[in-house]
Amino acid sequence: MTPSSPAPPTRQRTAAAGSWLRSVGSWIRSAPGTYIWLVALFVTTVIVHQMSPDFEEDFLRQRSTNIHELTQDPLRVLVTSAFWIDGGRWIPYAVLYTVFHAPAERWLGTLRWLAVVVLAHVLASLVSEGVLAWAIRHGHVPRSAANTLDVGVSYALAGVIAVLTYRIPRPWRYVYLFAVLVFYGIPLVTGRSFTDLGHFTAVLIGLACYPLTPARVPAQDGSTEGAVTSRPRTTQ
């Protein structure tokens, strides 16, 4: 009997590539909401790139969660604004969605992840635009700000980044939380724009979504850093 010869390098590379593709496919299937949303953003980004600059601005303004559109058709703009990216750069969002949204969806489950996304996007939009309306009413900003361009997915992203605080074990949880608060807090203090307020509000909403996070099975030493169950935490 002769010893078997090693597999050719080409076959090894093909097997490695196949294994990598299966891993990527498995990851995507484990976070369907994230990647369906990302595909939708890719399609709308391609559409935007076909528009002239003037038409693009007017088109996105009609889908913005600004004061004018919110008073006309709030439900429509709250939904449509989450499917367009101002600036037309899709790849950075693909990275951010993979780093933050996908792990959050895998951890929380699609429905609870979606609840965090909707709460952060909707409530942060309403709070920031409400403050902007107050500023317009009192003459702090011009009335033209009521029709500002305000589309995008950053409020939902900020909320998900915040809720992931509870996924990180102590003591690193507090380091992560501090970094998140600094990252979103400094622009609020220095810039004080309504979008900065919206981002920080979304962070607070994400932190308030603690009841949606999965409960942890107590470890043998009595701590709560044991395995995570799929059962949502309930109050007694």
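In this text, all values refer to a predicted model and were calculated from it rather than measured experimentally.
- Residues passing the side chain to side chain contact (heavy atoms under 4.5 Å, CB included) test with V79, sequence neighbours excluded: L75, F83.
- A tilted orientation is assigned to the rings of H101 and Y97, their planes being inclined by 30° to 60°.
- Looking at S64 and E69, their side chains never bring a donor and an acceptor atom within 3.5 Å of each other.
- Listed by first then second residue, pairs satisfying side chain to side chain donor-acceptor pair (under 3.5 Å) with a partner in residues 151-164 read S154-H199, not counting sequence neighbours.
- Remark: side-chain polar atoms of W113 are not paired, donor with acceptor, to backbone N or O of W107 under 3.5 angstrom.
- R63 forms a cation-pi arrangement with F59, by the criterion of a distance under 6.0 Å to the ring centre and an angle within 45° of the ring axis.
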Worked check of side chain to side chain donor-acceptor pair (under 3.5 Å) between Y93 and R89: CA-CA 8 Å; Y93 285 96; R89 294 186 299 170; over 6 Å; no
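- Put simply, the side chain of Y166 gets close to the backbone of L207: a donor and an acceptor are under 3.5 Å apart.
- Within the 3.5 Å criterion, the main-chain N or O of A82 finds a donor-acceptor partner in the side chain of W37.
- Evaluated for a side-chain contact (heavy atoms from CB on, under 4.5 Å) with I47, the options Q50, M51, H49 yield exactly one hit, M51.
- L38 places a side-chain heavy atom less than 4.5 Å from the side chain of W90.
- Residue-environment remark: CG (L111) stays at or below the threshold of 12 foreign heavy atoms within 6.0 Å.
- Side-chain contact, T65 with H121: no donor N or O sits under 3.5 Å from an acceptor N or O.
- Within a 6.0 Å radius of OH in Y176, other residues, nucleotides and ligands contribute more than 12 heavy atoms.
- Separation of atoms CG (L177) and OG1 (T165) is listed at 5.0 Å; rounding is to 0.5 Å.
- Between the side chain of H138 and the main chain of W134, a donor-acceptor pair closer than 3.5 Å is present.
- Side-chain atoms of E57 do not come within 3.5 Å of backbone N or O of P53 as any donor-acceptor pair.
- If you take OG1 on T110 and CD on E105, they are separated by 3.5 Å, rounding to the nearest 0.5 Å.
- Side-chain contact between S128 and T201: absent, with no pair of heavy atoms (C-beta onward) separated by less than 4.5 Å.
- Residues passing the side chain to side chain contact (heavy atoms under 4.5 Å, CB included) test with F178 are V182, sequence neighbours excluded.
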